[in-house]
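Report on one structure; see the data block that follows.
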Amino acid sequence: MLFNRSRALLVSLLGLVLVASWASADSAKLIVTNAKLFTMAEGQPDPFDGHLVIGHDGRILAVGPGGAAGWESENIVDLAGAWVLPGFVPAHSHLWQSAWRGLAADQTLMGWVDALYLQHARYAQPEDFYWFTLQGALDHVRHGITSTYNFNYGGWAEREMAQAQLRGEMESGVRFVHGQNFGGWGEVPQPAEAIAEVQSFLDWMDSQPTGDQLLRVMVNGTAAFRDTANAAETEAAIARTFALGNHLHFLESAPDQYEERSRFRWMIDEGLITDKILFGHFIHVDPWILEQAVAAGASMSWNPLSNGRLASGTPDIPLYLKTGLRIGMGVDGQASADRADPWENVRTGLYAVRAKYGDASVLSPYQVLRMHTWGSADAMGVADKVGSLEVGKFGDFVVIDPTDFGVVFDAYATLAFMAGQEHMTGVYIGGERVVAAGETLKHDFAGIRIEVNQRVRQAGAPGPTESQ
Ligand SMILES: [Zn+2]
């Protein structure tokens, strides 16, 4: 009897808890009002004046025109007409490279690779890579990037290196697709061996407290750099076993394009080319390669700043769009796109394509801005989480003060042609402000930069002229 009574009491107490949480269902972590919203969502190209509501789990509860009626929060921000876009998403970054900006200034890809990898990176220690990754990620966030792909340095066999870089990714607060290498630069592992290695990596990743920051894991592909079909075979086996995506650098370098194109046959024959393949750069295609990529549902990352700096070339984006290729944009590593800035990336890409065609109508400001947000999220297979401001996705966004813009004739044109870091008053991740007027709010960025520079000096190779 007593037992039943206590149980009844417990049940009614639980009921009260449920009622209490139900009653506070309309309370939010953050309410943004009086914003001009550029959601970048499918079928919503027209910006509108409205509100954005972020829940306590960091996800968007509501977004729409007018006021945020029916919602309550202790944190209400009236933007007085400021512009709000989803945080930028680069589908191609190497965060550790932030240590070596300005390197090999007169080199195309392979000369630059030699300088970076053989003269510098090989001398750095795992703990250095923690700091380099942290600096690289925070520099992304300062420029309005809230989610990024990250090519980690080194293979899973180098445990400490891999662990240090994951710590850097996590500490920065950025959301990321973790790109991991398997096998070294020597022999390609046999499929069974590689599968065991990937399983051990995934078990370890599962044990890490990555929370909402880790968007997914992908393989950093190497099949385009190998002289035999083994890499394509092994990477296809990994993709089949774990349903992991593969981000494959392909057709970046102009001088190496002939050799790389000849390897595409292996990738097709081994079954590597599917909708889980994300081609990095993908500049020097031929009609057959493009056709096969589109037919498979593959995607690409376009990296205009890096492609310009290294004289790699300009992909035929208008043609790719016409054929239906899925396209995202990337800022690449900061040693080849020294300023990790999506605004500069959008402009550089748009202008390179227009100049190549001699036609200003071949690519629009809206198209490039969408490629750098939703397009990249789609290319990485994470468009259900980030890339546009829609209910259920993460509340990651940037706030832009339009005062400087004068009379606005076409808001997307103003954004693509004129906007820059100096116009961003805030960067939010999961409804939390992490950057104000270019300064990180949760990290001592200046201190991190000093630490990185000391480590670069100590990394063995002669350094460039340094600012501090
Ligand atoms: Zn790259």
Side-chain angles (χ1 to χ4, degrees), residues 88-104 107-118 120-122 129 132-133 136-137 139-140 145 147-155 165 169 174 176-182 185 217-226 231 235 245-257 260 263 277-285 298-315 327-342 344-345 348-349 371-372 375-376 379-380:
F88 284 96
V89 185
H92 190 127
S93 289
H94 306 246
L95 297 177
W96 61 270
Q97 291 184 8
S98 71
W100 286 287
R101 291 174 212 216
L103 194 70
Q107 295 296 308
T108 50
L109 181 71
M110 292 326 290
W112 172 89
V113 164
D114 281 355
L116 177 60
Y117 286 79
L118 301 183
H120 293 276
R122 66 193 291 199
F129 279 87
F132 300 169
T133 301
D139 191 45
H140 276 52
I145 292 166
S147 295
T148 186
Y149 190 93
N150 182 27
F151 286 93
N152 282 265
Y153 179 91
Q165 290 171 89
E169 290 169 328
V174 80
F176 56 93
V177 173
H178 184 98
Q180 182 65 45
N181 301 321
F182 296 99
W185 284 107
V217 171
M218 284 178 78
V219 173
N220 299 337
T222 63
F225 304 143
R226 306 286 193 169
E235 287 176 21
N246 182 322
H247 198 157
L248 184 79
H249 281 81
F250 189 42
L251 299 174
E252 175 180 10
S253 154
D256 293 332
Q257 60 178 295
E260 288 193 20
R263 295 168 182 150
I277 277 282
L278 167 48
F279 290 114
H281 302 287
F282 209 51
I283 300 167
H284 308 284
V285 302
S299 59
M300 73 165 284
S301 56
W302 175 30
N303 303 280
L305 281 171
S306 172
N307 295 162
R309 203 258 216 199
L310 297 174
S312 301
T314 302
I327 307 175
M329 293 181 79
V331 289
D332 210 347
Q334 284 122 306
S336 68
D338 311 52
R339 188 176 161 104
D341 186 338
E344 295 301 337
N345 206 38
T348 303
M371 278 190 262
H372 222 320
S376 291
M380 297 190 292

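One-based numbering along the sequence shown. Counting starts at 1 for both ligands and their atoms, following the listed order.
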Open item on the list: Between E260 and L251 (side chain of the first, backbone of the second, donor and acceptor by atom type, cut-off under 3.5 Å), is there such a pair?
Closed with: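 It does hold such a pair.
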Task: Sidechain-backbone polar pair: R309 side chain, A337 backbone, donor-acceptor under 3.5 Å - done: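 The answer is no, because no donor-acceptor pair under 3.5 Å joins these two groups.
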Open item on the list: One pair to check against side chain to side chain donor-acceptor pair (under 3.5 Å): H281 and S312. What are the steps and the verdict?
Closed with: CA-CA 9 Å; H281 302 287; S312 301; over 6 Å; no
- [ ] Could I get the full list of side chain to side chain donor-acceptor pair (under 3.5 Å) partners for T133, not counting sequence neighbours?
- [x]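 Expected list: none.
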Task: the Zn ion (ligand 1) - number of protein N/O/S atoms closer than 2.8 Å - done: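 Of the protein's nitrogen, oxygen and sulfur atoms, 3 lie under 2.8 Å from the Zn ion (ligand 1).
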Task: Partner residues of R339 under the salt bridge (charged side-chain N to carboxylate O under 4.0 Å, His left out) criterion, sequence neighbours left out - done: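 Only D341 meet the salt bridge (charged side-chain N to carboxylate O under 4.0 Å, His left out) criterion with R339.
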Task: Partners passing salt bridge (charged side-chain N to carboxylate O under 4.0 Å, His left out) against E344 (at least two apart in sequence or in another chain) - done: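 Residues passing salt bridge (charged side-chain N to carboxylate O under 4.0 Å, His left out) with E344: R347.
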